[in-house]
**Q** 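The structure follows.
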There are 2 protein chains.
Amino acid sequence: MTASNATYPKVRSPRVQVEEALYAMIESLKTGDQLPPEPALAKQLGVSRPTLREVMRTLVERGVLVRRHGVGTFVASRFPVLESGMEILESLARLAERIDLQTEAAYLEVEERLATPIEVAGLEFPQGSEVPVLIVNRVIAIEGEPVADLRDIVPLEYLTKEGLGENFHGSVLDVFLERGEPLLSTSRTEIVAEAANVKFAKRLGVRKGSALLKLVGQLYSYDEKVVDYSVSYFVPGHFKFHVMRRVNRK
Amino acid sequence: MTASNATYPKVRSPRVQVEEALYAMIESLKTGDQLPPEPALAKQLGVSRPTLREVMRTLVERGVLVRRHGVGTFVASRFPVLESGMEILESLARLAERIDLQTEAAYLEVEERLATPIEVAGLEFPQGSEVPVLIVNRVIAIEGEPVADLRDIVPLEYLTKEGLGENFHGSVLDVFLERGEPLLSTSRTEIVAEAANVKFAKRLGVRKGSALLKLVGQLYSYDEKVVDYSVSYFVPGHFKFHVMRRVNRK
DNA sequence: GTCTATTGACTTGTCAGACAACTGATTTAT
DNA sequence: ATAAATCAGTTGTCTGACAAGTCAATAGAC
């Protein structure tokens, strides 16, 4: 049973098309700019107003748009939420690319082997399973200075050493996205602070015992399987993570 | 200029009512349970289908519901996202309460003074402003063991020492929520790993230099002002934070 | 009897057009 | 000069209908 025998919609639904078109439009606008009125926008995008409104509602929920009854719809983003926030999963490579930051893979190791018990648990396979996996381990550096150590554990059924291709630059996420398979839905990332052990201290050029930010992520496909279990260490100061949180009423 | 002269809608709009009703309904269901079909649900809640759909769309966006074209709408929540994730801002007291965990305020200090330059910046007041603030500093312990050091910095115009009331148990957020003023919208929380200095090491009962998770939060009101700037330190192992991240297509 | 194709009930997705409610600026009346 | 009324523009909500997807029951072919 592979991940590829699931069927997904071939043509994009109106809603998805509208979402992409809206994002493109927003990208060309500045914070605070007003969008065209709904009837005009719906006509322009070739959909009905209710459909457009459903899409806009999701963008409001994501904090991209702000609506004011009787006034209009505006581009929100007081801060670049989507740029540096943690609500969106994005490879470091792409993040850096967008802010014109040069990154180098200071260290890259690819290996195929059986998953360790901890990795099996992280991949949410039954305890005791023998799971052949691809391990991608790399250290990211900025201007020669190592800032992050990233490790991906991917079951071989989703990705093999050959599947990485020639111009693999380190990001398993990007490979999945470019390939379009498996279709990804969400990621659950656990956030921990951990003291650097000897191995990571050496790799990242910090003192043993210094505080590192550790992110443990599980990347889920549409059919609710873990397709990537990742463990990352970040050197404080070089990367800042933030998260936007809604207030829980009542 | 206080925060109270802004006007907010007096009666809840249909959409807000429906959202609350839906949450109540979902709460009484289990993961995977199917909701009534949209036409029936709309009738039951006394709104039109488009309105109901807009609300459902936001719940889908939040990961609470899952919709399958031609099949139905189901309660999602593979894990208790809203319970322990970071998408929702919630006081530690309430979080602990819900999981039947006894917490004690091992240390509580309340003080009124002028904000330091760093605090002024955190509150997003103009540089150089003299901002009188209320400082609430406390250490949370579980079963006698300190696990978190929390500090809130609140401009006096929003909260004073007297405003805390008699039965103040340590959470500024809960005071705001109970009082209903100022109306809160979102919080921006920055995530850092930091080594414990002497002061925090002593307070939290850990070795100097051990890794702590540091969260720096800015709590925003509806009129886009910072009403609470907070700095928190957490001892690893006692609290786990995670965040659900969407995949960034393209 | 077994397998395959078809039908049909049920559900979500989308559409169209209309009116209500709100906002902000303009105009009018005092 | 000031306050009230008006009005154009926008989002919010409603009604009713049809399209498209899913799944199980049914009818048909072998």
**Q** Once you round it to whole Å, what is the distance between P of D:dC23 and CD of B:Gln34?
**A** 11 Å
**Q** Does A:Thr51 have a side-chain nitrogen or oxygen under 4.0 Å from the phosphate oxygens OP1 or OP2 of C:dC15?
**A** yes
**Q** For A:His69 and C:dC22, give me the distance from atom NE2 to atom P, rounded to whole Å.
**A** 6 Å
**Q** Given atom CG of A:Leu52 and atom P of C:dC15, what is their separation to the nearest angstrom?
**A** 10 Å
**Q** Rounded to whole angstroms, how far apart are CG on B:Leu35 and P on C:dT12?
**A** 9 Å
**Q** Would a distance-only check, ignoring hydrogens and angles, find a side-chain to backbone donor-acceptor pair under 3.5 Å from A:Glu112 to A:Lys161?
**A** yes
**Q** Side-chain contact, heavy-atom cut-off 4.5 Å: A:Ile118 with A:Tyr229?
**A** yes
**Q** Within the modelled atom types, does a donor on one side and an acceptor on the other bring the side chain of A:Arg49 and the base of D:dG12 under 3.5 Å apart?
**A** yes
**Q** For the residue pair A:Glu38 and A:Met56, establish whether any side-chain heavy-atom pair is separated by less than 4.5 Å.
**A** yes
**Q** Using atom CZ of A:Arg53 as one end and atom C1' of C:dA20 as the other, report the distance to the nearest whole Å.
**A** 13 Å
**Q** Starting at atom CZ of B:Phe74, determine the distance to atom P of C:dT11, rounded to an integer number of angstrom.
**A** 10 Å
**Q** Which residue, A:Arg57 or A:Gly70, contacts DNA chain D at a nucleotide closer to its 5' end, judged by nearest heavy atom?
**A** A:Gly70
**Q** Should A:Thr73 be listed as having a side-chain N or O under 4.0 Å from OP1 or OP2 of D:dT10?
**A** no
**Q** What's the CZ-P distance between B:Arg67 and D:dT22, to the nearest Å?
**A** 15 Å
**Q** Using atom CD of B:Glu38 as one end and atom P of C:dT14 as the other, report the distance to the nearest whole Å.
**A** 11 Å
**Q** Is any side-chain N of the basic residue among A:Glu119 and A:Arg113 closer than 4.0 Å to the acidic one's carboxylate O?
**A** yes
**Q** Considering every strand and a 4.0 Å limit on heavy-atom distances, what is the contact class for B:Pro50: base, sugar-phosphate, or nothing?
**A** base
**Q** From B:Arg57 CZ over to B:Glu61 CD, what is the distance, rounded to the nearest 0.5 angstrom?
**A** 9.0 Å
**Q** Any base atoms under 4.0 Å from A:Arg68, or only sugar-phosphate, or nothing? Heavy atoms, all strands.
**A** sugar-phosphate
